[in-house]
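Everything below concerns the one structure shown next.
We use all heavy atoms of the structure for the numbers below, so side chains are in, but hydrogens, waters and symmetry mates are not. For ligands, and for the atoms within them, numbers begin at 1 and follow the listed sequence.
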Amino acid sequence: MNRTDQCDDENRAADRVADAFRQLFGGSPDGVWAAPGRVNLIGEHTDYNDGFALPMALPQSTLLAARSRADGRLRLHSAQGDGRITELAVAALAPGTVPGWAGYPAGVVWALAEAGHPVGGADLHFDSTVPTGAGLSSSAALECAVAVAYDELYGLCLPGPALARIAQRAENAFVGVPCGIMDQMASVCCTAGTALHLDARSPERHRHVPFDLRGQGLRLLVIDTRVSHDLGDGAYAALRAGCERAAALLGLPALRDLPEGELARALDALPAELAPLVRHVVTENARVGEAVSRLREGNAAALGPILTEGHASLRDDYRVSCPETDLAVTAALDAGALGARMTGGGFGGSVIALVRAGQESAVGGAVTAAFAAAGHRPPHILATTPSAGARRLEPESRQQPPQL
Ligand code: ADP
Ligand code: MG
């Protein structure tokens, strides 16, 4: 699809959410915004260790038609929700008071107000193409759509990383999920055709690294395994606590501060249960640096082995993979993928596979066949491309006809 086709599609999608908004709330929205899901190329479980990551935005996005309200009410509806409109008072928002999906958008409004920004109510209607719970960050897409819409509706003019921090605070403090900053930074700050080199200690200093998949005869497959093992949340918190304990034992502010050259000595000094966590984080940060260097040299194919090494580290040291993600990686590699790894927090979710153009169906077919043979549900597989971050869309109905 070329850029013009893509813009036309986006504008039509913007029209559809604006129409649905009119039917739900009456009258037109003030605007339509989009915030994408993401895949992380490399740098997993590093953000909460103040480390590095390299995500890219997906074409799949959460669209939000929004209109500000002067009466402090917040009305929320999602095409992927329970069909009802949730109505809340902005002044009464507090952590733990909004159950279910509405907690994510309400949390962003709460976080903005709590940070002292002059925000009020709004009518918000969401419609998303980001699969939920697939490790592709539908939660960050939902939050970041609200953050960029509110930024404009209430004239805040906050820079991208500040909006990402607000969205992360909503998820941490309002919804109660202790995620790092990567997902929200990716959703807000990515640009089309690039990956985002993120330093979680100073998100403001992120860099866009050219990632020209097509120009280099490559494709990136996203394989949604459609499994999500329930131990996810508690295990994530325990891993995070383990990393913090290891950093404290080593006398470091965060594991990011352990140089690779000092890793062997540190591993000897640490309790046996913490050493593999530290090995993963330190080697994973190094893999991000390596991947960025290869991309800057114009050698995206060299990412392949880096992805596969990253998967082994998540499987053997960090222990967040599961039989389904391991199977998808092995089947993709056996079918000729240049590299593959699980992406996202783990315990299910999605796998990415870097393949040469033309190999997509061979690799996808092999993964599907391996899943069938193992008795798993068929995975959802799509070829993806590095896409734009959160932005305002122009519904077709609002565009000016060309001047003759
Ligand atoms: P991920 O971010 O990997 O998709 P999470 O568990 O972090 O998985 O977030 C998924 C949750 O986010 C869903 O269970 C739902 O509560 C909420 N969510 C995401 N997108 C939408 C949407 N478009 N409409 C309603 N809820 C959504
Ligand atoms: Mg999420």
Side-chain angles (χ1 to χ4, degrees), residues 13 16-17 20-21 24 32-40 44-45 47-48 53 55 57-58 60-66 74-86 88 98-108 124-149 164 167-188 222-237 240 320 322 324-325 342-352 380 382 384 390:
R16 278 196 300 275
V17 279
F21 179 99
L24 282 161
V32 177
W33 288 263
R38 62 97 190 93
V39 285
N40 187 21
E44 212 67 78
H45 287 279
D47 59 353
Y48 55 81
L58 295 172
Q60 285 77 16
S61 295
T62 297
L63 266 53
L64 163 60
L74 182 62
R75 294 197 294 176
L76 305 165
H77 182 271
S78 169
Q80 289 73 43
D82 55 10
R84 285 180 304 192
I85 294 176
T86 301
L88 304 160
V98 184
W101 75 272
Y104 295 88
V108 174
L124 307 178
H125 166 62
F126 302 91
D127 198 350
S128 183
T129 51
V130 187
T132 52
L136 302 176
S137 235
S138 69
S139 59
L142 185 58
E143 294 149 9
C144 294
V146 179
V148 291
Q168 181 202 15
R169 176 141 174 76
E171 188 150 343
N172 289 170
F174 199 87
V175 182
V177 177
C179 61
I181 189 76
M182 173 180 65
D183 297 351
Q184 292 80 7
M185 276 297 294
S187 188
V188 174
V222 176
I223 302 163
D224 171 7
T225 64
R226 300 172 71 203
V227 294
S228 173
H229 295 290
D230 276 348
L231 67 166
D233 280 356
Y236 184 95
R240 198 174 167 149
V320 291
C322 64
E324 295 86 349
T325 48
M342 53 151 279
T343 184
F347 310 106
S350 294
V351 163
I352 51 171
H380 288 157
L382 49 94
T384 194

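At a distance under 4.0 Å, no protein heavy atom can be found next to atom 14 (O) of ligand 1. Proximity of atom 6 (O) of ligand 1 to the protein is not indicated, since no non-hydrogen protein atom lies closer than 4.0 angstrom.
For ligand 1 and Leu136, the ligand atoms under 4.0 Å from any heavy atom of the residue are 3 (O). The atoms of ligand 1 that sit less than 4.0 Å from any heavy atom of Ser78 are 22 (C), 23 (N), 24 (N), 25 (C). Less than 4.0 angstrom separates some heavy atom of Ser128 from each of these atoms of ligand 1: 23 (N).
Only the side chain of Leu142 comes within 4.0 Å of ligand 1, counting heavy atoms alone; its backbone N, CA, C and O stay farther away.
Tyr104 OH, 3.9 Å is the protein heavy atom nearest to atom 11 (C) of ligand 1. In this structure, atom 3 (O) of ligand 1 lies nearest to the protein heavy atom Gly135 N, 3.2 Å. Scanning the protein for heavy atoms near atom 9 (O) of ligand 1, the closest one is Ser139 CB, 3.4 Å. For atom 4 (O) of ligand 1, the nearest non-hydrogen atom of the protein is Ser138 OG, 2.6 Å. The shortest contact between atom 26 (N) of ligand 1 and any protein heavy atom is with Trp101 CB, 3.2 Å.
At a threshold of 2.8 Å, the Mg ion (ligand 2) has no backbone or side-chain N, O or S atom of Ser137 nearer than that distance.
Gln168 contributes a side-chain N or O that, together with a main-chain N or O of Cys179, makes up a donor-acceptor pair within less than 3.5 Å. Between the side chain of Arg240 and the backbone N or O of Pro178, at least one donor-acceptor pair lies under 3.5 Å. A distance-only check finds no donor-acceptor pair linking the side chain of Glu171 to the backbone of Ser139 [under 3.5 Å]. Formation of a donor-acceptor pair under 3.5 Å by the Thr325 side chain with backbone atoms of Cys322 is found in this model. In this structure, the side chain of Ser350 engages the main chain of Ala134 through a donor-acceptor pair within 3.5 Å. Judged purely by atom type and a 3.5 angstrom limit, Ser137 has no side-chain atom pairing as donor or acceptor with the backbone of Gly37. Asp127 places no side-chain N or O within donor-acceptor distance of the main-chain N or O of Leu63, the cut-off being under 3.5 Å.
His77 and Phe21 have their aromatic ring centers separated by at least 6.0 angstrom.
The closest heavy-atom contact to atom 23 (N) of ligand 1, among the options Glu143, Gln80, His77, Glu171, comes from Gln80.
Ser137 counts as a contact of ligand 1, since one of its heavy atoms falls under 4.0 Å from the ligand. Residue contact check for ligand 1: Phe126 places no non-hydrogen atom closer than 4.0 Å to it.
The CD atom of Glu143 sits 9.0 Å away from the OG atom of Ser138 when rounded to the nearest 0.5 Å.
Of the polar atoms of Gly133, at least one N or O is found under 3.5 Å from an N or O of ligand 1, judged by distance alone.
A 4.5 Å side-chain heavy-atom check between Phe126 and Tyr104 finds every atom pair outside the cut-off.
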